Amino acid sequence: MGPRSSTRGSSSSRPRPVGRRFFRRPTVEVARDLLGARLRVDGPAGHVEARLVETEAYLTDDPASHAFRGPTRRNRSMFGPPGTLYVFRIHQVVCANLVTRPGEAVLLRAGVVEGMPPGHARGPGRLARALGLTIADDGQGAVTGPRVRVLARPGPRPLTDVGPRVGIRRAAERPLRFAIRDEPAVSRPRPLTSAFSTRTRAGSRSRQSRTRRRPASGGGRSGGRIAGR
DNA sequence: CCTCGGATCAGCT
DNA sequence: GCTGATCCGAGGA
C-alpha cells in the first residue's frame, strides 16, 4: 500500500537539520526554539522522529544543573561542543539533553513521536526511550554525529508556557521549563504559566521531607538556600 | 572506603 | 496525591 514515492526532491517544506549555530546561543532561547522542532534518531530499524513539545533549561549558575560543580566524568558531555548530546541515567531511566554553551544544556522533556499515540513520550525518560536513545549516545553530536539530528521547526514559534522545572530540589523556583501551550502531550499542563500565582506553598514540601532524613549535624548546605519560603 | 540523594516513573491509597 | 524501586555518581572521611 505504500506508493513508493522516492521523489523526495520535490519536497518543498522538508525541514532541514539545524547547524551548530542553532545551539551556540543563550540556553533559554534554544530551549524555546526546540519547541516544535523535531528530533530524528537513526537506528538499525530505520529512524524515529519526535516533535518536541516540552523542554527545560539548565544553566551554569544553576545549582540544579549536573554541571554546576564543574566537569566530572559523568557530565563531561555538557562541556562538549554546541549540539552535543548529554545523556544520563537516573533510577535506571535514561534522559537526554542537547548542549548549548559549555556547561549548559536543554533537557528534552516530552515529545510526540511519529507513529505512536500522543502522550507516549511524556516525560524525559519515556521520550528518550521512545527515540531509542541510550547511554551510548552520550557525547555524540546532533550536528556532526552519525545518529541524531534536530530538524528546525517549520513555522513560527508556538505560544509557549513557562514555569518551574520538574523533579528538582535546588533552584526549584526558576522559570526554566517551556512547553507548547495547549499541547496535550506535555507532562504537566498545570504549573506552567502560573509563575505569577500568588499561592504560597507553605505546606507542599512533602516531597522534600520524604527523602532520606538529613543528619541533624549542623544544619545542611551553606549559602544554597532554596528561596525564602 | 562509606553515605547520600537523585533533571524518573509506575503503582497504590 | 504519595511512596518505593533501584543503582550509580559524587563527595566526604
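On a predicted model such as this, the values are computed, not experimentally measured, just so you know.
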Tell me whether [X] contacts the main-chain N or O of [Y] through its side chain, where contact means a donor paired with an acceptor under 3.5 Å.
X	Y	answer
A:D137	A:T134	yes
A:R174	A:L176	no
A:N75	A:H66	yes
A:T160	A:F178	no

In whole angstrom, give the distance that lies between atom [atom1] of [X] and atom [atom2] of [N].
X	N	atom1	atom2	result
A:M78	B:dA7	CE	P	11 Å
A:Y58	B:dG6	OH	P	12 Å
A:R170	C:dG11	CZ	P	11 Å
A:F178	B:dA7	CZ	C1'	15 Å
A:F68	B:dG6	CZ	P	15 Å
A:R73	C:dG9	CZ	P	8 Å
A:R165	B:dT8	CZ	C1'	16 Å
A:Q92	B:dC9	CD	P	13 Å

By the 4.0 Å heavy-atom rule, please label A:L107 as base, sugar-phosphate, or nothing.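 Counting heavy atoms under 4.0 Å across all strands, the contact made by A:L107 includes a base.
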Students often get this wrong, so: under 4.0 angstrom with heavy atoms, is A:E56 touching a base, only sugar-phosphate, or nothing?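 Since no nucleic acid heavy atom lies under 4.0 Å of A:E56, the category is nothing.
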Indicate yes or no: at least one non-hydrogen side-chain atom of A:V94 is less than 4.5 angstrom from one of A:V87.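 Counting from C-beta outward, A:V94 and A:V87 do come under 4.5 Å.
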Side chain of [X]: nearest nucleotide among [options]?
X	options	answer
A:R89	B:dC9, C:dC8, B:dA7	C:dC8
A:T72	C:dT6, C:dA10, B:dA7	C:dA10
A:R69	C:dC7, C:dG11, B:dA7	C:dG11
A:R74	C:dA10, B:dC9, C:dA5	C:dA10

Give a yes/no answer on whether the side chain of A:R169 brings an N or O atom under 4.0 Å of OP1 or OP2 in B:dG6.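 For B:dG6, OP1/OP2 do have a side-chain N/O of A:R169 under 4.0 Å.
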Determine: side-chain N/O of A:H66 to OP1/OP2 of B:dA7, distance under 4.0 Å, yes or no.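 Affirmative; the distance criterion is met.
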So, do A:F88 and B:dA7 meet the stacking rule of ring centres under 5.5 Å and planes under 30°?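 One would not call A:F88 stacked on the B:dA7 base.
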With C1' as the reference atom in both, quote the distance from C:dT3 to B:dG5 in angstrom, rounded to an integer.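 Each nucleotide's C1' atom is 16 Å from the other's.
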Watson-Crick or G-U wobble mate for B:dC12, both contacts under 3.5 Å: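 Because both required distances fall under 3.5 Å, B:dC12 counts as paired with C:dG1.
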B:dA7 - base-pair partner by Watson-Crick or wobble geometry, distances under 3.5 Å: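 Base-paired to nothing in any strand shown.
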